[in-house]
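Here the structure is a predicted model, which is why all the values come from computation and not from measurement.
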Amino acid sequence: MGDSTVTSLDDREQTAVPDSLTAANSPGFLRRLRTPRRPRLWFEIVLIAVSYWTYSLIRNAVPEQRGQALRNADWLWRMEHHLGIAVEESVNHAANSVTWLIVGMNYYYATLHFVVTLGVLVWLYRSHPGRYAATRLVLFATTGVALVGYYLYPLAPPRLMNGSTFIDTVMVHQTWGSMASGDLKHMSNQYAAMPSMHIGWSVWCGLTIFALARVPWVRVLGLAYPVVTLTVIVATANHFWLDAVGGLLCLAFGFAVARVWYGTLPYALPRAPRSAPLEEPRWEVPD
C-alpha cells in the first residue's frame with residue numbers, strides 16, 4: 001500500500017506540474033504577438049525603411065488617371081462652392097501675397113511631414129517602448145488604407161485644376177524639396193491627393209504628443225501641429241481641405257485596427273513592456 005501511495009503522488013506531480021508550467025510559459029501565438037515587447041532598433045529601422053519604400057512604390061504605381069482625377073477635382077470644387085465651404089483659393093492667394101510666409105510654408109510642406117513623424121517614432125522608441133509597437137501600428141494601418149483611397153479615388157490637387165486661378169507656390173517661388181512640383185514631380189503620383197497623409201500623419205503625431213508628453217507647452221505644440229499643417233496644405237494649393245477629412249478617416253481606421261489587435265488604445269498600454277522573466281516554481285521536500 002505504501003508503494004502505491006508514493007506512485008500516485010508522483011503521478012499527480014508529473015501530470016500537474018508540466019500542465020501549469022505549459023500554461024504559464026507557452027501562451028498562444030496570437031497572444032504573444034499582441035503582448036507589447038521592447039522594440040529592437042535594427043528591426044525597427046529595417047521595418048520603417050522597407051515599409052516606406054513599399055508605400056512609395058505602390059503609391060506611385062497607381063495609375064495616375066489624369067482625366068478622372070481632374071473630373072473628380074472639378075466635382076469636389078463645385079460641391080464645396082454649393083455648400084459654401086470653398087475657402088482654399090482665398091487662403092492660397094492671401095498666403096502667396098506674403099513672400100516670406102509662403103516660402104516658409106513650402107519648406108514646411110516638403111520637410112516636416114517626414115522629420116516630425118520620424119522624431120515622434122524615435123521619442124516613442126526611447127521613452128515609451130511599451131506603447132511603441134501599438135502606436136506604430138496605427139501609423140502603418142493609416143498609411144496602408146490610404147493606398148486604397150489613391151487607387152479608388154484619383155484626385156488632382158487644386159494647383160493642377162484646369163481653368164482655376166490657384167497658384168502653384170513652389171513653382172512661383174522656386175523653392176526646393178517638394179515632390180509635387182518641378183523636376184521632382186515625375187517621382188511622385190501627382191493625382192493622389194485624397195486622402196491627405198500630411199493630415200493623417202500630423203494628427204497622429206499631435207495626438208501622440210498630447211497624450212504622452214508631460215510638459216504642458218509641448219502638449220500644446222502637439223495639438224497645434226496638425227492645425228498648422230492643415231493651413232499649409234491648403235495655402236500651398238496641394239490639397240482641398242476635404243482631403244484632410246479623408247486623412248482623418250484613415251487615421252480612425254488605424255486606431256480601430258490597433259484597438260482590436262491590442263484590446264485597448266495604444267496610449268493606455270503600460271509605458272514599459274512587462275518583460276520580467278517568469279520565476280520557476282520551487283518544490284520543497286518536507287522534513
Side-chain angles (χ1 to χ4, degrees), residues 48-49 52-53 55-57 59-60 62 64 66 69-70 73 76-77 80 86-122 139 143 146 150 154-206 209 221-247:
I48 292 172
Y52 183 73
W53 176 80
Y55 163 76
S56 300
L57 186 68
R59 183 180 187 272
N60 296 334
V62 173
E64 288 198 340
R66 180 177 182 273
L70 289 171
L76 189 64
W77 189 228
E80 287 194 3
V87 300
E88 293 90 338
E89 196 170 38
S90 298
V91 174
N92 174 236
H93 283 255
N96 188 70
S97 66
V98 184
T99 301
W100 65 266
L101 177 62
I102 196 60
V103 168
M105 286 183 170
N106 285 342
Y107 288 127
Y108 180 111
Y109 183 87
T111 60
L112 290 191
H113 179 50
F114 305 101
V115 172
V116 175
T117 304
L118 286 175
V120 172
L121 282 170
V122 171
L139 184 65
T143 307
Y150 300 146
L155 183 69
R159 59 186 175 78
L160 292 182
M161 288 178 62
N162 291 327
S164 73
T165 60
F166 281 100
I167 300 169
D168 188 335
T169 59
V170 171
M171 292 294 292
V172 169
H173 298 279
Q174 294 298 305
T175 51
W176 58 265
S178 175
M179 300 292 287
S181 299
D183 294 335
L184 293 177
K185 68 182 180 181
H186 302 294
M187 300 172 60
S188 179
N189 186 349
Q190 297 298 289
Y191 303 104
M194 172 68 85
S196 169
M197 281 299 93
H198 272 76
I199 292 301
W201 288 13
S202 66
V203 175
W204 175 86
C205 291
I209 293 171
L221 284 180
L223 292 181
Y225 174 55
V227 176
V228 176
T229 300
L230 175 61
T231 305
V232 167
I233 67 173
V234 171
T236 56
N238 280 295
H239 288 282
F240 298 98
W241 75 265
L242 285 180
D243 298 343
V245 176

Checklist entry - Hey, is the main chain of A235 close enough, under 3.5 Å, to the side chain of N92 for a donor-acceptor pair? => result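 Yes: the side chain of N92 pairs with the backbone of A235.
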
Checklist entry - Between L155 and F240, is a side chain to side chain contact (heavy atoms under 4.5 Å, CB included) present by the stated rule, with each step listed? => result CA-CA 10 Å; L155 183 69; F240 298 98; 4.1 Å; yes

Just how far is it from atom [atom1] of [X] to atom [atom2] of [Y], taken to the nearest 0.5 Å?
| X | Y | atom1 | atom2 | answer |
| --- | --- | --- | --- | --- |
| T169 | H93 | OG1 | NE2 | 11.0 Å |
| S164 | L70 | OG | CG | 10.0 Å |
| L76 | L242 | CG | CG | 5.0 Å |
| M171 | N106 | CE | CG | 11.5 Å |
| L121 | C205 | CG | SG | 7.5 Å |
| E88 | E80 | CD | CD | 4.0 Å |

Do you know the tightest heavy-atom contact between [X] and [Y]?
| X | Y | value |
| --- | --- | --- |
| Y150 | A192 | CE2-O, 3.4 Å |
| N238 | T236 | ND2-OG1, 2.9 Å |
| M197 | G247 | CE-CA, 4.2 Å |
| P195 | G246 | CB-C, 3.3 Å |
| A156 | A193 | C-CB, 4.4 Å |
| A237 | I167 | CB-O, 3.5 Å |

Checklist entry - So which of V234, I199, V203 actually passes side chain to side chain contact (heavy atoms under 4.5 Å, CB included) with T229? => result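 The side chain to side chain contact (heavy atoms under 4.5 Å, CB included) with T229 is passed solely by I199 among V234, I199, V203.
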
Item to check | ring pair (Phe, Tyr, Trp, His ring centres under 6.0 Å) involving W204 - partner list, sequence neighbours excluded | outcome: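 Partners of W204 by the ring pair (Phe, Tyr, Trp, His ring centres under 6.0 Å) criterion come out as none, since no residue qualifies.
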
Checklist entry - H113 vs W201 aromatic rings, parallel, tilted or perpendicular, using cut-offs 30° and 60°? => result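 If you compare the ring of H113 with that of W201, the planes turn out parallel.
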
Next on the checklist: Show, in sequence, the C-alpha distance, side-chain angles and deciding distance for D243 and H198, and conclude whether the side chain to side chain contact (heavy atoms under 4.5 Å, CB included) test is met.
Outcome noted: CA-CA 10 Å; D243 298 343; H198 272 76; over 6 Å; no

Validation: residues 96-103 side-chain donor-acceptor distances under 3.5 Å, sequence neighbours left out:
unit_1: N96; atom_1: OD1; unit_2: H173; atom_2: NE2; d: 2.8
unit_1: S97; atom_1: OG; unit_2: A94; atom_2: O; d: 2.5

Checklist entry - Going through the distances and angles, do L221 and I209 end up as a side chain to side chain contact (heavy atoms under 4.5 Å, CB included)? => result CA-CA 8 Å; L221 284 180; I209 293 171; over 6 Å; no

Checklist entry - So L112 and V228, side chain to side chain contact (heavy atoms under 4.5 Å, CB included) or not? Walk me through it. => result CA-CA 11 Å; L112 290 191; V228 176; over 6 Å; no

